[in-house]
Participant: 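Sending over a structure as structure tokens; questions will come in a sec.
In what follows, every heavy atom counts, from backbone to side chain, and hydrogens, waters and symmetry copies are set aside. For this chain, numbers begin at 1 and follow the sequence in order. Predicted, not measured: the structure shown is a model, and the values here were computed from it.
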Amino acid sequence: MNPKSLSLRPKTSLKSRFTKGFLQALKRIHRQRSRSPNVSSPREMCRRYLSVKIAADASMASAVGSRRAWSRALLTRIRSHGAPRVYKYSARRIDNSKKKKKKKKCEDGEEIGVICEANELRKFVPGGEAMDICSLLDEAAHYIKCLNTQVKVMRRIADIYSAA
């Protein structure tokens with residue numbers, strides 16, 4: 001195959017790949033919803049919320065592909081957990097005022113610094129626990145960019161369907 005012919009093919013954007021995958025997932029969720037007898041129960045609404053959230057995450061990770069560690073980690077987590085589970089939830093309020101405010105420290109006793117902040121960032125980036133700081137920052141920047149794209153697409157879809 002000629003390398004030049006590969007570069008001439010138009011590449012689809014991340015936004016369009018995500019949109020296509022997400023809309024297909026929403027269609028599947030909608031078909032499942034129409035088969036469900038109790039559509040407005042809190043349990044069913046929670047199940048649908050989790051299904052849409054997982055569909056959005058899986059569509060974004062699939063659109064990115066295996067090039068990024070966060071997308072591989074997210075797809076692995078989704079595949080290992082299977083279908084969304086709905087748990088009974090409680091409406092009770094949690095009183096945070098009684099908790100003691102302590103000065104945050106790292107596990108090794110070091111006060112807040114680059115290492116502690118990196119450890120906090122690792123909690124938010126899928127697969128971040130196993131990354132060095134340089135890779136973590138690169139993956140976090142890309143993940144944030146993708147989340148921004150995800151929000152824009154989902155807002156646009158909501159605008160289109162709310163206007164109809």
Participant: Closer than 3.5 angstrom, by distance alone: can the side chain of Ser16 be matched with the main-chain N or O of Ser13 as a donor-acceptor pair?
Facilitator: yes
Participant: Minimum heavy-atom separation for Ala63 and Phe18, please, with both atom names.
Facilitator: CB-N, 3.6 Å
Participant: Main chain of Ile29, side chain of Arg48: is a donor-acceptor contact present, judged purely on distance under 3.5 Å?
Facilitator: no
Participant: Considering non-hydrogen atoms only, spot the tightest contact between Ser59 and Ala25 and give its length.
Facilitator: OG-CB, 4.4 Å
Participant: Enter the distance from Lys145:NZ to Leu14:CG here, rounded to the nearest 0.5 Å.
Facilitator: 6.0 Å
Participant: Could you grab the distance from atom CZ of Arg28 to atom CZ of Arg31, nearest 0.5 Å is fine?
Facilitator: 7.5 Å
Participant: Roughly how far, to the nearest 0.5 Å, is OG1 of Thr149 from CE of Met60?
Facilitator: 5.5 Å
Participant: Would Leu74 end up clustered with Val151 when hydrophobic side chains under 4.5 Å apart are linked, directly or stepwise?
Facilitator: no
Participant: Please test Lys123 against Asn119 for side-chain contact (heavy atoms from CB on, under 4.5 Å), starting from the C-alpha separation and ending with a verdict.
Facilitator: CA-CA 7 Å; Lys123 295 176 186 175; Asn119 288 338; 5.9 Å; no
Participant: Less than 4.0 Å between a side-chain N and a carboxylate O, is that true for Asp159 and Arg155?
Facilitator: no
Participant: Is Phe124 linked to Ile115 within one hydrophobic cluster, defined over Ile, Leu, Val, Met, Phe, Trp and Tyr using a side-chain heavy-atom separation of less than 4.5 Å?
Facilitator: no
Participant: Report yes or no: do Val125 and Leu75 belong to one cluster of Ile/Leu/Val/Met/Phe/Trp/Tyr joined by side chain heavy-atom distances under 4.5 Å?
Facilitator: no
Participant: Can you give me the closest heavy-atom contact between Arg67 and Val64, atom names plus distance?
Facilitator: NH2-O, 2.5 Å
Participant: Could you walk me through whether Arg68 and Asp138 pass side-chain contact (heavy atoms from CB on, under 4.5 Å), step by step?
Facilitator: CA-CA 10 Å; Arg68 292 292 184 161; Asp138 182 47; 2.9 Å; yes
Participant: For a quick test of reading the model, state the closest non-hydrogen atom pair linking Ala118 to Leu136 and the distance between them.
Facilitator: O-CD2, 3.4 Å
Participant: Answer yes if Met154 and Ile144 sit in the same cluster of Ile, Leu, Val, Met, Phe, Trp and Tyr residues linked by side chain heavy atoms under 4.5 Å apart, and no otherwise.
Facilitator: no
Participant: Looking only at heavy atoms, what is the nearest atom pair of Ala69 and Glu139, with distance?
Facilitator: N-OE1, 3.2 Å
